[in-house]
Amino acid sequence: MKVRVRFAPSPTGYLHVGGARTALFNWLFARHNRGAFILRIEDTDRERSADKYEKAIIEDLRYLGLDWDEGMEVGGRYGPYRQSQRLDLYKEYACRLLKEKKAYYCYCIEEELEAKRKEALRQGRTPRYDGKCRNLTEEQKRKYEKEGRRPTVRFKVPKKRVVVSDLVRGEVTFEADALGDFIILRSDGVAAFNFANIIDDMSMKITHVIRGEDHLSNTPRQILLYQALGAKLPKFAHISMILGPDRTRLSKRHGATAIREYRRKGYLPEALVNYLSLLGWYPPDGEEIKSTKELIKEFSLDHVSKSSAIFDNQKLNWMNGRYIRKASLKRIRNLAIPYLREAGYLKGRIIPAKKRWLLKVIEATRTHLDYLDQVPKETEVFFNKEIKISKKGKETLKKESSKKVLFALKNRLKKIKEITDRNFKTLMKDLEKEIGFRGKNLYLPIRVALTGQNKGPELYLILPILGKRECLKRLSKVQ
């Protein structure tokens, strides 16, 4: 049977790292098995769902390069792919369970249920519905309806063991009786998560449910519903949680957690995909840097770990830096331009000559980049006319040897038309012969005078980028 998997986010917030990893694993599994990847939206939480979140989730998935074969904005034979447009289908299945005596109307109101929940906690018991409305007479039902009570529909949980055969965790056993009769249809006619979820998976012929381990506790309820409806079970795979470096659940106190934040900071999508793939999955060959094609070829649930994954921003930065240095200079330059504009370094139309100059600036600085939001800081030496000299730099310039180097450089620059990649080496060799200095004693004073710092891009890149006129201006200010 053709593999069919889905990613079903709730549009109650931006796409989280954990959600993106779940989407990625489903996508890789589908592509590896030449199956279908479906995107549907679970928007039955009316109070918290918002169009802006739905649009943002779709944008972020596309940014990561995760395309889908059916679902939102694509369509397909099993639509609609938005839960709020499938309410009649859920009611139809709820009516079927009521007719077969596998579900019943419950007239308990929220205040009564909350009081019972608190009492159970006070007595040290796990709260669960006590089945009060399970065997109501028609007279009792009419009495509640006259009071204006709108019933929910509860599923009759049988007394049995439920075994979840999980592709990642093996067999996990639950006692169904401990679950209590749970709501499948709320009093407003909206289906509860567990019910809508399995009706959608069943009607969309989902073969594998790959999701976070926080959903493992939902699985016995869903299996019972599948069995009650006489439907074939999909295969389940519950992937590990993503934790912060302190081994607590990943949250904002660990830094950015939403994909859009990583987009804004300028992480390359292929780097994020590569890093997310390693959160709970380990490549068979042990190599961590993988192209998307390689990930598709090698991905298997057999190599998904039960252990929690640790989200390490330093490792992500290292990996993203690797991808920045592997990418074409033109691509990184084009991606860097919005950050340079935001910093006020670029305005208006960028002429071809300026684009060529920017290419050299990126070449000089990209070895120092972890993400593109750092571009303005790393390139400021080429844009700022006023150079701030560091404390160490000032100490370097006070030396008589430094003054000698800068004086000689200034004189030599006046004799050439322009500094180019070709004549830079000749310029430095002639300077070395003239003053007798080499290595650090020669290069450090020049670096400090032109950039204000004791370290940074290579001099052979700095001087041609700044050009003769700007170099002379900066040398004059420190002499």
Side-chain angles (χ1 to χ4, degrees), residues 5-9 13-32 37 39 57 60-66 166-170 208-216 236-324 370-371:
V5 295
R6 48 71 171 178
F7 178 55
Y14 295 111
L15 183 63
H16 187 271
V17 163
R21 193 270 308 261
T22 297
L24 175 61
F25 278 23
N26 276 279
W27 184 82
L28 289 173
F29 186 76
R31 295 294 171 258
H32 176 83
F37 176 60
L39 174 66
I57 289 168
D60 287 343
L61 289 173
R62 287 192 168 134
Y63 154 77
L64 291 171
L66 307 186
D166 195 274
L167 295 174
V168 174
R169 301 179 182 281
H208 295 75
V209 174
I210 305 169
R211 57 189 179 186
E213 67 175 311
D214 51 327
H215 284 287
L216 183 58
F236 293 98
H238 290 89
I239 55 182
S240 62
M241 299 295 290
I242 300 177
L243 306 179
D246 59 358
R247 304 196 73 81
T248 60
R249 190 163 184 171
L250 190 66
S251 64
K252 287 188 176 181
R253 62 195 167 87
H254 296 114
T257 58
I259 295 300
R260 67 187 292 107
E261 294 176 74
Y262 289 99
R263 286 178 62 187
R264 284 175 183 160
K265 290 184 77 172
Y267 287 83
L268 301 186
E270 61 268 35
L272 259 180
V273 164
N274 192 166
Y275 182 71
L276 290 172
S277 73
L278 301 176
L279 296 177
W281 173 77
Y282 53 95
D285 62 4
E287 292 292 326
E288 293 189 318
I289 303 296
K290 298 281 186 184
S291 69
T292 303
K293 284 185 178 179
E294 288 172 324
L295 291 173
I296 290 171
K297 183 179 179 181
E298 297 174 19
F299 187 81
S300 164
L301 292 175
D302 295 336
H303 290 272
V304 172
S305 173
K306 295 179 185 179
S307 303
S308 297
I310 305 299
F311 194 93
D312 184 348
N313 268 298
Q314 288 186 336
K315 185 170 182 179
L316 172 59
N317 289 345
W318 166 80
M319 185 172 284
N320 197 61
R322 285 277 301 267
Y323 274 91
I324 287 174
D370 291 328
Y371 43 87

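We're numbering straight along the sequence, starting at 1.
Under the 6.0 Å distance and 45° angle rule, R21 counts as a cation-pi partner of F25.
Minimum interatomic distance between L301 and A237 (heavy atoms only, all atoms of both residues): CD1-CB, 4.1 Å. Minimum heavy-atom separation, S240 to K306: CB-O, 3.7 Å. In plain terms, the two heavy atoms of H16 and I259 that are nearest each other are O-CG1, 4.3 Å. The two atoms that bring A23 and L61 nearest to each other are CB-CD2, 3.8 Å, heavy atoms only. The two residues F236 and R211 have their closest heavy-atom pair at CE2-NH2, 3.8 Å. The two residues G266 and N320 come nearest to each other via the heavy atoms O-ND2, 3.8 Å.
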Using side-chain contact (heavy atoms from CB on, under 4.5 Å), reason through E294 and E287 one step at a time and then give a plain yes or no.
CA-CA 11 Å; E294 288 172 324; E287 292 292 326; over 6 Å; no
Decide side-chain contact (heavy atoms from CB on, under 4.5 Å) for N274 and Y323; before the verdict, give the C-alpha distance in whole Å, the side-chain angles of both, and the deciding distance to 0.1 Å.
CA-CA 10 Å; N274 192 166; Y323 274 91; 2.6 Å; yes
Go through it in stages, so that I can follow the logic: the residues are Y275 and D312, the test is side-chain hydrogen bond (donor to acceptor under 3.5 Å, both in side chains), and I'd like the CA-CA distance, side-chain angles, deciding distance and then a yes or no.
CA-CA 10 Å; Y275 182 71; D312 184 348; 5.6 Å; no
Go through the steps to decide whether F299 and H32 satisfy the test ring pair (Phe, Tyr, Trp, His ring centres under 6.0 Å), and finish with yes or no.
CA-CA 7 Å; F299 187 81; H32 176 83; 7.5 Å; no
Step-by-step side-chain contact (heavy atoms from CB on, under 4.5 Å) determination, L272 to L316:
CA-CA 8 Å; L272 259 180; L316 172 59; 4.1 Å; yes
Please assess D60 against R263 for the test side-chain contact (heavy atoms from CB on, under 4.5 Å), listing each intermediate value before the final yes or no.
CA-CA 8 Å; D60 287 343; R263 286 178 62 187; 2.7 Å; yes
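Sparse packing is recorded around CZ of R249, with 12 or fewer heavy atoms of other residues, nucleotides or ligands lying under 6.0 Å away.
In this structure, the side chains of L28 and I296 come closer than 4.5 Å at one or more pairs of heavy atoms. With a 4.5 Å cut-off on side-chain heavy atoms, V273 and L24 count as touching. Inter-residue side-chain proximity for V17 and F311 is flagged as met; some heavy-atom pair is nearer than 4.5 Å. Residues P9 and L39 have side chains in contact (heavy-atom distance under 4.5 Å, counting atoms from C-beta outward). Within the 4.5 Å cutoff, the side chain of N26 has no heavy atoms near those of the R6 side chain. At least one side-chain heavy atom of K290 sits under 4.5 Å from a side-chain heavy atom of P283. Within the 4.5 Å cutoff, no side-chain heavy atoms of L66 are placed close to those of R31. Within the 4.5 Å cutoff, no side-chain heavy atoms of H238 are placed close to those of I210.
From L279, atom CG reaches atom NZ of K315 across 8.5 Å, with rounding to the nearest 0.5 Å. Atoms CG and CD1, from D370 and I324 in turn, are 7.0 Å apart once rounded to the nearest 0.5 Å. The line from CD of E270 to CD1 of I289 is 11.0 Å long, rounded to the nearest 0.5 Å. Considering OG1 of T257 and CZ of R260, their distance stands at 12.0 Å, rounded to 0.5 Å. Here the NZ atom belonging to K297 is positioned 14.5 Å from the OG1 atom belonging to T292, to the nearest 0.5 angstrom. With rounding to the nearest 0.5 angstrom, the CG atom of L243 is 10.5 Å from the OG atom of S307.
In this structure, E213 pairs ionically with R169, as a charged nitrogen and a carboxylate oxygen lie closer than 4.0 Å.
Using cut-offs of 30° and 60° on the angle between ring planes, the pair Y262 and Y267 is perpendicular.
In this structure a side-chain-to-backbone donor-acceptor pair under 3.5 Å is present from T22 to G18. Using modelled atom types, one side-chain atom of E261 and one backbone atom of A258 make a donor-acceptor pair closer than 3.5 Å. Judged purely by atom type and a 3.5 angstrom limit, S305 has no side-chain atom pairing as donor or acceptor with the backbone of W281.
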